[in-house]
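First the structure, in the form of structure tokens, and then the observations on it.
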Amino acid sequence: MKSARDRIRTYGLLLRRQTLYPLSYAGASDCDAGNPGAQRQLDDTTRSAPGTSHRGSARGNPPRYTGTVTPEELSTAVSACLQDAVTAGELSPVDGVDLPEAKVERPKNRDHGDWATTVAMQVAKKVGRSPRDVAQILSERLARVPGVKTVDIAGPGFLNITLDAAAAGELAQSVVEQGSAFGTGDALAGTTINLEFVSANPTGPIHLGGTRWAAVGDSLARVLQAQGAEVVREYYFNDHGNQIDRFARSLLARARGEAAPEDGYGGQYISDVAQEVLALHPDALESEDPQEVFRAAGVELMFAQIKSSLHEFGVDFDVFFHENSLFEGGQVETLLEQLRSSDSLYFADGAWWLRSTEHGDDKDRVVIKSDGNAAYIAGDIAYFKNKRDRGADLCIYMLGADHHGYVARLKAAAAALGDSPDAVEVLIGQMVNLVRDGEAVRMSKRAGTVVTMEDLVEVVGVDAARYSLTRYSVDSNIDIDLDVLTRRSNENPVFYVQYAHARTCAVARNAEAAGVRRTAEDGTPQFDAALLEHAREADLLAALGQYPSVVAQAASFREPHRVARHLEALAGAYHRWYDACRVTPQGDAPVELVHHTRLWLNDAVRQVLANGLDLLGVSAPERM
């Protein structure tokens, strides 16, 4: 995939070449240059007065351009126009100043065109010109971009761009032809990302916080893969800490009919696991070390349940990494010897300290305690090195709300190894609350003190659970209203999006019955993009065109909720289009080309909804 700078350079060459060799249209080739009906004529003398509106077509009916113009392509074209103006000497940036890449956005007011950009106002000071002067220079070039119908200058220097209906409409056919590949990219091609998420201790069922990370983490992995990354989904299995000992003591106490230890675990699941251990090891209570028997068997049983719950939730991991392996394999001990001889640690008060404050930590951290034993962070350093040794270019850690301090610590861990702190990214998730009848749901039948993944799925199902947990930014606390998620209404966001997909399928079935088809009997496409000229169709095409950039941004910012929110906007645009435009003729009216063409648009929406829902790990039902 070309870089943004390469795409801008290519557009600049096309714009300059165009003044000598006008671009062909409607399937014409350069050999048709003598045919006025097969060539797009660009007559600068027919444009309106400078500073008001520029039109990219000549006198009479506008020629039809058959290429697609997506928001990304239009943004690149605006940037190319800016660069071309600099090359031509019409704009002169101040020395050492870099000009930004232009971005187009959908204006809220349809009277302001299909797309708008504020780039003229952004660069005005950088080139020593007024925003409207810059807008004037850019508008003259933009009017020559294939697929652009008009360019208007508004207010202090807004550029409002209207596309040819055909240029916008071509996207419908392009989406259908690309299928599941539409919205993918290769910006992260060649990058191996280790994505660690959930990593709940095997001391109980996955609670709501872990459930949120399961949904978001798997969706993020899918989004990163959609941009070409090789993603390793990893679960860090903490089987080396005090919590495991508390778990084992809790199981042993329950097996003996005793009360749980003061710092132990409660809930029905403890009794269930204890009975399973006894079923596997009938003589466990009479063994030489009963607690070790319950620890080993109990952890294995609990972890098997966790894996099963995740699988049923649609989340499977590539690697289950055991913390114990770092210590039993000698990796931590070897690493500590290496670090002692480096400048990353210093000796004070009988202990070895990591210079983590240099990376934003509130204090330096002990790595080797005064008794010579490794502190907890030593395992984190060894684990990071292990990931890098396994080929990870980037290590993303998804941690809970109580792990803010780990951001600086893990970056310091990378630096201690002589690695780049940028090889570490930490996402911190916030709390999840369940609400029913206006009241918080705080108790679990099985766990006793926390609400679990199974509790949520039992009430709303996997699709609603995953969607609702992923549609919010991870750095925000969320309240999940169970009453809303169980309704089959527009208030329920997952129902709203899934129903839109089911409706596209129903429209396609009805179209087939009415003789409306995308292709003729000989396989020729029955499609005329210029017929997609209704305002609702323009809105729908714009939403389709934005999808690839939404996925790219979701990957870049590690925010899969962007996909969910865009699907809701697309579903809304589709429902409004459905109410305004017919795919099948009414009554006995004949089937016309516009009906076939609208079926392409309908099916394009179906494809994008399916693609987006797949990124979220949510099904796309054909009937509801």
Rounded distance [0.5 Å steps], [atom1] in [X] versus [atom2] in [Y]:
{"X": "Leu613", "Y": "Leu567", "atom1": "CG", "atom2": "CG", "value": "5.5 Å"}
{"X": "Arg249", "Y": "Ile244", "atom1": "CZ", "atom2": "CD1", "value": "12.0 Å"}
{"X": "Asn194", "Y": "Phe384", "atom1": "CG", "atom2": "CZ", "value": "10.0 Å"}

[Y] ring center within less than 6.0 Å of [X] ring center:
{"X": "His322", "Y": "Phe237", "answer": "yes"}
{"X": "His575", "Y": "Tyr496", "answer": "yes"}
{"X": "Phe320", "Y": "Phe303", "answer": "yes"}

Salt bridge or not for Arg222 and Asp614, using N-O below 4.0 Å?
yes
Hey, are Arg233 and Asp218 close enough for a salt bridge, meaning a charged N less than 4.0 Å from a carboxylate O?
yes
If we count only N and O atoms by modelled type, under 3.5 Å, do the side chains of [X] and [Y] hold a donor and an acceptor together?
{"X": "Asp603", "Y": "Gln607", "value": "no"}
{"X": "Asn242", "Y": "Arg246", "value": "no"}
{"X": "Ser309", "Y": "Glu454", "value": "yes"}
{"X": "Asp364", "Y": "Thr357", "value": "yes"}
{"X": "Tyr499", "Y": "Asn490", "value": "no"}
{"X": "Tyr397", "Y": "Glu234", "value": "no"}

Determine the sole option in Phe317, Trp213, Phe197 for which the ring-ring contact (aromatic ring centres under 6.0 Å, His included) test with Tyr235 is passed.
Phe317
Does [X] have more than 12 heavy atoms from other residues, nucleotides or ligands lying within 6.0 Å of its [atom1]?
{"X": "Glu439", "atom1": "CD", "answer": "no"}
{"X": "Glu230", "atom1": "CD", "answer": "no"}
{"X": "Glu292", "atom1": "CD", "answer": "yes"}

Is the cationic atom of [X] (NZ for Lys, CZ for Arg) positioned less than 6.0 Å from the six-membered ring centroid of [Y] and within 45 degrees of its normal?
{"X": "Arg365", "Y": "Tyr376", "value": "no"}
{"X": "Arg487", "Y": "Phe495", "value": "no"}
{"X": "Lys387", "Y": "Phe321", "value": "no"}

If you compare all heavy atoms of Gly210 against all heavy atoms of Val198, which two are closest, and at what distance to 0.1 Å?
O-CG2, 3.9 Å
List the atom of Pro202, the atom of Val299, and the distance in Å for their closest heavy-atom pair.
CG-CG1, 3.9 Å
Who passes salt bridge (Lys or Arg N to Asp or Glu O under 4.0 Å) against Arg503, sequence neighbours left out?
none
For a salt bridge (charged side-chain N to carboxylate O under 4.0 Å, His left out) check, start with the C-alpha distance between Lys307 and Asp316, then their side-chain angles and the critical distance, and finish with the verdict.
CA-CA 8 Å; Lys307 287 182 178 179; Asp316 293 294; over 6 Å; no
